[in-house]
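Accompanying notes for the structure given below.
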Amino acid sequence: MHPSPPPTLVRHPLLECVADILGPTTNLEATYRAATTIRDQPHLLRTFLTSLRHHHLTAPRHCCQSVLDGVAARSSIHPNGFAKIVLHTEDKWGIRLHVWRPRTRWHLAENKPHGHRWEFASWIITGVLRETTFDRVTDGEPFELLAYGRRADGSSYLVLNGTDMLAPRQPIDRPAGTVYVRSSSVLHTTESLGGGLVASLVFQGRRSRRTTPVYRQPGAPPLQREQPLSVDEVSDLLAEVVEVVS
């Protein structure tokens, strides 16, 4: 007998809602509307995360994968110190849950200025997230510039691509309930504030095939690679977020 393919959830109202808003394009305005719509209907996120966990906990482990197994397979511990949980991905858009959890093996990690290969809107679900943006200048702090990209097989790579001078702007503290947008060209860092859980829901647009910049200080050790998350770790993180969604 051939093994059963990984199952999929029936199209959840959260996904239907986001798909209707984003439509054929995923510009910043559309991702902002998607983020604010879900923020204002938090039950959609709560039931979606609960459904993922329920399917995982009730699926017969000896014969098939749960939907959450697929989520965990594409999720990871990001070198910048948070759990990156890829809840849904399509050609034109995706939804990620980013979770900063204090007192973990991965919370205090690197935090390098970087861009993105996609535009996004982010809803701060709980806690406070501090964002610092950076400008390329002629008299700032020197940084090594690395090009970050993904190969056809999905694996990532970093290639040294010169140097730049960067200057930070005044940090912005974003409390729970905030929705903000960023174009792919903006350089920034994010970090959690306080001692509690911080989580954000990120609505990303279409990925670019080009590389994106990542910076490190000269002489710094090589950047860490993303580390895997087990399906049980993902399930536990989703449970913590469900508890604070209101």
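On a predicted model such as this, the values are computed, not experimentally measured, just so you know.
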### Message
Could you see if Val231 belongs to whatever hydrophobic cluster contains Val71? Use Ile, Leu, Val, Met, Phe, Trp, Tyr and a side-chain cutoff under 4.5 Å.
### Response
yes
### Query
Charged N to carboxylate O under 4.0 angstrom, Arg169 versus Asp135?
yes
### Task
Determine whether Val99 and Leu238 make a side-chain contact, defined as any pair of heavy atoms from C-beta on separated by less than 4.5 Å.
no
### Task
Would you confirm whether Arg96, through its side chain, and Gln204, through its main-chain N or O, come within 3.5 Å as a donor-acceptor pair?
no
### Message
Can you confirm whether the side chains of Ser66 and Asp69 place a donor and an acceptor under 3.5 Å from each other?
### Response
yes
### Query
How far apart are the closest heavy atoms of Leu44 and Pro13, and which atoms are they?
CD2-CB, 3.8 Å
### Message
Is there a continuous path of hydrophobic side-chain contacts, each under 4.5 Å between heavy atoms, that joins Leu201 to Val244?
### Response
yes
#### Entry: From CG (Leu145) to CG (Leu160), nearest 0.5 Å
7.5 Å
### Summary
Looking only at heavy atoms, the pair that brings Val181 and Ala121 closest together is CG1-CB, 3.7 Å
#### Entry: Worked verdict on Leu197 versus Trp100 for side-chain contact (heavy atoms from CB on, under 4.5 Å)
CA-CA 6 Å; Leu197 186 78; Trp100 289 258; over 6 Å; no
### Task
Using the side-chain contact (heavy atoms from CB on, under 4.5 Å) rule, take Thr132 and Gln170 through it: C-alpha gap first, then chi angles, then the decisive distance, then the call.
CA-CA 7 Å; Thr132 303; Gln170 184 69 25; over 6 Å; no
#### Entry: Test item: side-chain donor near acceptor, His12 and Thr47, under 3.5 Å
yes
### Message
Between Ser76 and Lys84, does the side-chain contact (heavy atoms from CB on, under 4.5 Å) criterion hold? Intermediate values first, please.
### Response
CA-CA 5 Å; Ser76 62; Lys84 179 187 75 178; 3.5 Å; yes
### Query
Can a donor-acceptor pair be found between the side chains of Ser184 and Arg210 at a distance below 3.5 Å?
yes
### Task
Working to the nearest 0.5 Å, report the span between OG1 of Thr189 and CD of Glu131.
7.5 Å
### Query
Hey, is the main chain of His116 close enough, under 3.5 Å, to the side chain of Thr212 for a donor-acceptor pair?
yes
### Message
Do Val198 and Val128 land in one hydrophobic cluster if side-chain heavy atoms of ILVMFWY residues count as linked below 4.5 Å?
### Response
no
### Message
If only side-chain N and O atoms count, and only distance matters, is there a donor-acceptor pair under 3.5 Å linking Arg53 with Ser235?
### Response
yes
### Query
Hey, does the side chain of Arg74 reach the backbone of Ile85 with a donor-acceptor pair shorter than 3.5 angstrom?
no
### Query
Going by an N to O cut-off under 4.0 Å, is there a salt bridge joining Arg216 and Glu144?
yes
### Query
Is Leu28 reachable from Tyr32 through a run of I, L, V, M, F, W or Y residues, each pair having side-chain heavy atoms under 4.5 Å apart?
yes
### Message
Main chain of Leu52, side chain of His54: is a donor-acceptor contact present, judged purely on distance under 3.5 Å?
### Response
no
### Query
Got a second to check how far Ile125's CD1 is from Leu45's CG, nearest 0.5 Å?
5.0 Å
### Task
Identify the heavy atoms of Ala199 and Val241 that sit nearest to each other, and give their distance.
CB-CG2, 4.1 Å
### Task
Taking only Lys NZ, Arg NE, NH1 and NH2, and the carboxylate oxygens of Asp or Glu, determine whether Glu119 and Arg206 approach each other closer than 4.0 Å.
no
### Message
Within a 6.0 Å radius of atom CG on Asp173, are there more than 12 heavy atoms belonging to other residues, nucleotides or ligands?
### Response
yes
### Task
May I ask you to test the Tyr215-His114 pair for a side-chain heavy-atom distance under 4.5 Å?
no
### Query
Quick check, are the ring centers of His78 and His98 under 6.0 angstrom apart?
no
### Message
Nearest 0.5 angstrom please: Phe203 CZ to Ile95 CD1, how far?
### Response
5.0 Å
### Message
Just verifying a value: how many Å separate Thr126 OG1 and Glu240 CD, rounded to the nearest 0.5 Å?
### Response
10.5 Å
### Task
Using the rule that two of Ile, Leu, Val, Met, Phe, Trp, Tyr join whenever any of their side-chain heavy atoms come within less than 4.5 Å, decide whether Leu229 and Val86 are in one cluster.
no
### Task
Give the minimum heavy-atom separation between Asn27 and Ala30, together with the two atoms involved.
OD1-N, 2.8 Å
### Task
Using atom types as modelled and distance alone, determine if a side-chain donor or acceptor of Thr178 lies under 3.5 Å from a backbone N or O of Arg174.
no
### Task
Classify the ring geometry between Phe120 and His188 as parallel (under 30°), tilted (30 to 60°) or perpendicular (over 60°).
tilted
### Query
Out of curiosity, Asn161 CG to Thr163 OG1, how far, rounded to the nearest 0.5 Å?
10.0 Å
### Message
Given 3.5 Å as the limit, does a donor-acceptor pair link the side chain of Gln41 with the main chain of Ile38, or not?
### Response
no
### Steps toward side-chain contact (heavy atoms from CB on, under 4.5 Å) verdict (Ser122, Val179)
CA-CA 5 Å; Ser122 180; Val179 171; over 6 Å; no
### Query
Quick one: does Ile21's side chain get under 4.5 Å of Val18's, heavy atoms only?
no
